[in-house]
Amino acid sequence: QVQLVESGGGLVQAGGSLRLSCVASGRTFTGSFMGWFRQAPGKEREFVAAIMWTGGTTYYADSVKGRFTCSRDNAKNTVYLQMNNLKPEDTAVYYCAASLRAGLVFSTTQYDYWGQGTQVTVSS
């Protein structure tokens, strides 16, 4: 079993920054990847970023490229999402997710485990 716990959300003004963390416990993540998704009220959950546990290759949605950075600390089983130059449209609940197998990083169906989510609110 895997547990994912996110933290770091909050309220920030437009142009500000936040760093989200996601601690994974329960197994060793090798040959798999972690993703960040977000869901705004009334909208579907959407892909934000992903990172391979081995090698650290990252992937980003076009809407966050150049503003968000995904990183990981393998020793701590933790992934981070550094969010800079935040915009009101970034307001959402942010979820981290773990995939134990190769596949499409941007697809919600690829992921086997999900965290409980953390709220990010960006005021204009």
Side-chain angles (χ1 to χ4, degrees):
Q1 189 67 15
V2 171
Q3 295 80 42
L4 303 175
V5 179
E6 302 105 330
S7 62
L11 173 63
V12 65
Q13 289 187 333
S17 298
L18 285 173
R19 189 177 81 155
L20 305 183
S21 300
C22 175
V23 180
S25 61
R27 63 163 290 152
T28 300
F29 294 95
T30 57
S32 58
F33 53 90
M34 298 286 288
W36 287 97
F37 289 76
R38 65 187 181 187
Q39 188 166 19
K43 295 188 177 181
E44 293 187 353
R45 192 167 298 188
E46 65 173 2
F47 171 75
V48 175
I51 187 166
M52 307 298 292
W53 275 111
T54 302
T57 301
T58 53
Y59 306 84
Y60 298 97
D62 288 343
S63 59
V64 306
K65 278 181 182 177
R67 301 188 298 123
F68 291 12
T69 302
C70 189
S71 61
R72 90 265 191 246
D73 184 332
N74 291 42
K76 297 181 179 180
N77 262 11
T78 301
V79 293
Y80 304 97
L81 186 67
Q82 177 67 43
M83 306 185 294
N84 298 328
N85 190 22
L86 283 160
K87 305 175 181 180
E89 52 263 43
D90 294 317
T91 295
V93 177
Y94 283 69
Y95 299 90
C96 71
S99 177
L100 306 181
R101 51 207 161 88
L104 300 175
V105 299
F106 55 83
S107 173
T108 57
T109 60
Q110 174 64 38
Y111 293 83
D112 304 288
Y113 301 96
W114 292 83
Q116 81 288 352
T118 184
Q119 177 70 46
V120 171
T121 303
V122 184
S123 63
S124 57

Engineer: Do Tyr113 and Leu100 have side-chain heavy atoms sitting under 4.5 Å apart?
Structural biologist: yes
Engineer: Taking the side chain as every heavy atom from C-beta outward, state whether Tyr80 and Thr69 have any pair of such atoms under 4.5 Å apart.
Structural biologist: no
Engineer: Applying the 4.5 Å side-chain criterion to the ILVMFWY set and letting contacts propagate, would Phe106 and Val93 be lumped into a single cluster?
Structural biologist: yes
Engineer: Would you indicate whether the side-chain heavy atoms of Thr108 and Phe47 approach each other to under 4.5 Å?
Structural biologist: no
Engineer: Nearest heavy-atom pair of Arg72 and Val79: which atoms, and what distance?
Structural biologist: CB-CG1, 3.7 Å
Engineer: Given side chains that start at C-beta, do those of Leu4 and Glu6 come closer than 4.5 Å, heavy atoms only?
Structural biologist: no
Engineer: Taking a hydrophobic cluster as the set of Ile, Leu, Val, Met, Phe, Trp and Tyr residues connected by side-chain heavy atoms closer than 4.5 Å, whether directly or through intermediates, do Val23 and Val120 fall within one such cluster?
Structural biologist: no
Engineer: Can you tell me how far apart CE (Met34) and CG (Asn77) are? Round to the nearest 0.5 Å.
Structural biologist: 8.0 Å
Engineer: Drop me the distance from Trp36's CH2 to Thr118's OG1, to the nearest 0.5 angstrom.
Structural biologist: 8.0 Å
Engineer: Using 0.5 Å steps for rounding, measure from the CD atom of Glu46 to the CD atom of Gln39.
Structural biologist: 9.5 Å
Engineer: Can the ring centres of Phe33 and Tyr111 be said to be less than 6.0 Å apart?
Structural biologist: yes
Engineer: Might you point out which heavy atoms bring Tyr94 and Val48 nearest each other, and give the distance in Å?
Structural biologist: CE2-CG2, 4.3 Å
Engineer: Taking all non-hydrogen atoms of both residues, which atom of Cys70 and which atom of Ala49 are closest, and how far apart?
Structural biologist: CB-CB, 4.2 Å
Engineer: List the atom pairs, donor and acceptor, that lie under 3.5 Å between side-chain atoms in residues 61-68 and the rest of the protein, sequence neighbours left out.
Structural biologist:
{"residue": "Asp62", "atom": "OD1", "partner": "Lys65", "partner atom": "NZ", "Å": "3.2"}
{"residue": "Arg67", "atom": "NH1", "partner": "Asn85", "partner atom": "O", "Å": "3.0"}
{"residue": "Arg67", "atom": "NH1", "partner": "Asp90", "partner atom": "OD2", "Å": "2.7"}
{"residue": "Arg67", "atom": "NH2", "partner": "Ser63", "partner atom": "O", "Å": "2.9"}
{"residue": "Arg67", "atom": "NH2", "partner": "Asp90", "partner atom": "OD1", "Å": "3.0"}
{"residue": "Arg67", "atom": "NH2", "partner": "Asp90", "partner atom": "OD2", "Å": "3.4"}

Engineer: Same cluster or not: Phe37 versus Val5, using hydrophobic residues (I, L, V, M, F, W, Y) connected whenever any side-chain heavy atoms lie under 4.5 Å apart?
Structural biologist: no
Engineer: Show me, pair by pair, the donor-acceptor contacts under 3.5 angstrom made by side chains of residues 10-21, not counting sequence neighbours?
Structural biologist:
{"residue": "Ser17", "atom": "OG", "partner": "Asn84", "partner atom": "OD1", "Å": "2.9"}

Engineer: I need the Gln3 CD to Gln116 CD distance, nearest 0.5 Å.
Structural biologist: 11.5 Å
Engineer: Are any non-hydrogen side-chain atoms of Thr91 and Gln119 less than 4.5 angstrom apart?
Structural biologist: yes
Engineer: Which distance, rounded to the nearest 0.5 Å, do you find between the OG of Ser99 and the CE of Met52?
Structural biologist: 8.5 Å
